[in-house]
Amino acid sequence: MHNRSNTVYLGLAVLMMGLFAGQIRNQVQVPHSSDVKKNESLIAAPRPESENARIFTAYQRLLGESFFTQKIEGITVIPKPATGQTLTDHFTLILSGSEVYGSHDARVQKNWETILDRIADLLDDDPGLKMEISGYADADDPLENRNAENGLSPLAFSFSRAEWIARYFETAHGADIASDFILRGMGPAPKGKRVELKILIPKTTSGGN
């Protein structure tokens with residue numbers, strides 16, 4: 001009788017363990033092999049670097065250059081440091097004034113070529129960056145704001161300022177004007193002896209024929 005009771009209890013224990021194991025299997029879902037591969041691919045794939053982060057990195061490198069730390073006249077950056085302005089998807093360098101340009105001169109003063117070299121290095125550090133170059137003519141200078149029949153129109157002259165910068169980068173640093181730059185002639189403007197270099201990441205377009 002005693003052995004028979006033990007056998008009954010043992011059978012009940014085995015039955016309970018079987019029911020418990022079934023409940024566990026129902027609650028825990030074993031992932032399908034395709035799901036595992038899918039999840040692994042999401043984990044393994046590198047996350048693309050934020051475009052804003054790349055622009056911020058380039059901006060911070062630029063601010064460390066000597067022409068900013070020494071506060072050289074004739075060059076400014078937008079957004080200006082320590083003004084609370086928000087850096088978004090681009091920043092702009094402005095080269096302006098008689099420190100940079102002579103009257104009716106499309107090329108920068110010789111001593112400014114060194115600064116252009118440092119800006120070119122910035123693009124070399126991140127080949128994905130693009131530069132939009134906008135040239136201006138000085139509306140306050142009669143030699144730059146003259147009629148087309150007397151020489152270059154103000155619009156054409158402003159474009160020549162942008163083109164000269166691009167040509168310098170091409171000759172001195174091997175840049176490709178067609179792929180690395182967007183050139184714009186903005187015409188005459190007050191205090192327009194200037195060129196603006198907008199550093200950005202080009203927008204990608206999708207679609208087919």
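Residue indices begin at 1 and follow the sequence shown.
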Trainee: With heavy-atom distances below 4.5 Å as the criterion, would you say the side chains of Asp180 and Leu129 are in contact?
Mentor: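 Heavy-atom side-chain distance check fails, nothing below 4.5 Å.
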Trainee: If I compare all heavy atoms of Ser103 with all of Asp141, which pair ends up nearest, and what's the gap?
Mentor: OG-OD2, 2.7 Å
Trainee: Apart from Ile94 itself, which Ile, Leu, Val, Met, Phe, Trp or Tyr residues share its cluster (side-chain heavy atoms under 4.5 Å, direct or through members)?
Mentor: Ile78
Trainee: Under the criterion side chain to side chain contact (heavy atoms under 4.5 Å, CB included), I'd like the reasoning laid out for Tyr59 against Leu63: C-alpha separation, chi angles, the key distance, then a yes or no.
Mentor: CA-CA 6 Å; Tyr59 179 76; Leu63 295 184; 3.5 Å; yes
Trainee: Please test Leu93 against Leu62 for side chain to side chain contact (heavy atoms under 4.5 Å, CB included), starting from the C-alpha separation and ending with a verdict.
Mentor: CA-CA 10 Å; Leu93 281 162; Leu62 178 74; 3.6 Å; yes
Trainee: Enter the distance from Ile72:CD1 to Leu95:CG here, rounded to the nearest 0.5 Å.
Mentor: 11.0 Å
Trainee: Just verifying a value: how many Å separate Glu113 CD and Arg118 CZ, rounded to the nearest 0.5 Å?
Mentor: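 The CZ atom of Arg118 is 15.0 Å from CD of Glu113, to the nearest 0.5 Å.
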Trainee: So if you build clusters from Ile, Leu, Val, Met, Phe, Trp, Tyr with side-chain heavy-atom gaps below 4.5 Å, do Ile182 and Phe159 land together?
Mentor: no
Trainee: Phe157 and Leu143: same hydrophobic cluster, using ILVMFWY side-chain contacts below 4.5 Å?
Mentor: no
Trainee: Which pair of heavy atoms, one from Gly74 and one from Trp112, lies closest together, and at what distance?
Mentor: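 Scanning both residues completely, I find the closest heavy atoms to be C-CH2, 3.6 Å.
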Trainee: Mind checking the CD-CD spacing from Glu163 to Glu170? Nearest 0.5 Å is all I need.
Mentor: 9.5 Å
Trainee: Measure the spacing between CG of Asp105 and OG of Ser98 and express it to the nearest 0.5 Å.
Mentor: 12.5 Å
Trainee: Under the side-chain hydrogen bond (donor to acceptor under 3.5 Å, both in side chains) test against Glu132, which residue among His90, Arg184, Lys198 passes?
Mentor: Arg184
Trainee: What closest approach, in Å, do Pro154 and Asn145 show between heavy atoms, and which atom pair accounts for it?
Mentor: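 Closest approach of Pro154 to Asn145, heavy atoms only: CG-OD1, 3.7 Å.
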Trainee: Does Phe68 reach the side chain of Thr76, with side-chain heavy atoms less than 4.5 Å apart?
Mentor: no
Trainee: So which atom in Gly102 and which in Gln109 form the shortest heavy-atom distance, rounded to 0.1 Å?
Mentor: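 Shortest heavy-atom separation between Gly102 and Gln109 comes out as N-NE2, 3.8 Å.
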Trainee: On a heavy-atom basis, which atom in Ala162 and which in Ser134 lie closest, and how many Å separate them?
Mentor: CB-C, 4.3 Å
Trainee: Counting C-beta onward and ignoring hydrogens, is there a side-chain heavy-atom pair between Arg167 and Ile177 closer than 4.5 Å?
Mentor: yes
Trainee: Just wondering, do Ile165 and Val108 contact through their side chains at under 4.5 Å, heavy atoms?
Mentor: yes
Trainee: With a sphere of 6.0 Å drawn around CD of Gln60, does it hold more than 12 non-hydrogen atoms of other residues, nucleotides or ligands?
Mentor: yes
Trainee: Should the ring pair Tyr168 and Trp164 be called parallel, tilted or perpendicular, given that the plane angle runs from 0 to 90° and is split at 30 and 60?
Mentor: parallel
Trainee: Do you know which two heavy atoms are closest between Pro127 and Asp124, and how far apart they sit?
Mentor: CD-O, 3.9 Å
Trainee: Count I, L, V, M, F, W, Y as connected when their side-chain heavy atoms are under 4.5 Å apart, and connections chain through other members. Are Leu183 and Leu155 then in the same cluster?
Mentor: no
Trainee: Taking the side chain as every heavy atom from C-beta outward, state whether Arg161 and Tyr101 have any pair of such atoms under 4.5 Å apart.
Mentor: yes
Trainee: Is the shortest side-chain N to carboxylate O distance from Arg61 to Asp125 below 4.0 Å?
Mentor: yes
Trainee: If I take atom CD from residue Glu73 and atom OG from residue Ser96, how far apart are they, to the nearest 0.5 angstrom?
Mentor: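 Those atoms lie 9.5 Å apart.
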Trainee: For residues Leu200 and Asp89, determine if any side-chain heavy atom of one lies less than 4.5 Å from a side-chain heavy atom of the other.
Mentor: no
Trainee: Using the test side-chain contact (heavy atoms from CB on, under 4.5 Å), find all partners of Met131 that sit at least two apart in sequence or belong to another chain.
Mentor: Ile119, Leu123, Ile133, Phe169, Phe181, Leu197, Ile199
Trainee: Could you state the interatomic distance from NZ (Lys130) to OG (Ser179), rounded to the nearest 0.5 Å?
Mentor: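 Interatomic distance, Lys130 NZ to Ser179 OG, rounded to 0.5 Å: 6.0 Å.
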Trainee: Quick one, Asp140 and Lys191 - any side-chain contact, counting heavy atoms below 4.5 Å?
Mentor: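 Heavy-atom side-chain distance check passes, below 4.5 Å.
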Trainee: Would you say that Pro188 contacts Tyr136 through its side chain, given a criterion of any heavy-atom pair below 4.5 Å between the two side chains?
Mentor: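 Contact flag for Pro188/Tyr136 side chains = no.
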Trainee: Does this structure show an ion pair linking Asp126 with Arg54, if we count only N-O contacts that are shorter than 4.0 Å?
Mentor: yes
Trainee: Between Glu99 and Lys193, is the closest basic N to carboxylate O distance under 4.0 Å?
Mentor: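 Between Glu99 and Lys193 there is no salt bridge, as every charged N stays at least 4.0 Å from the carboxylate O atoms.
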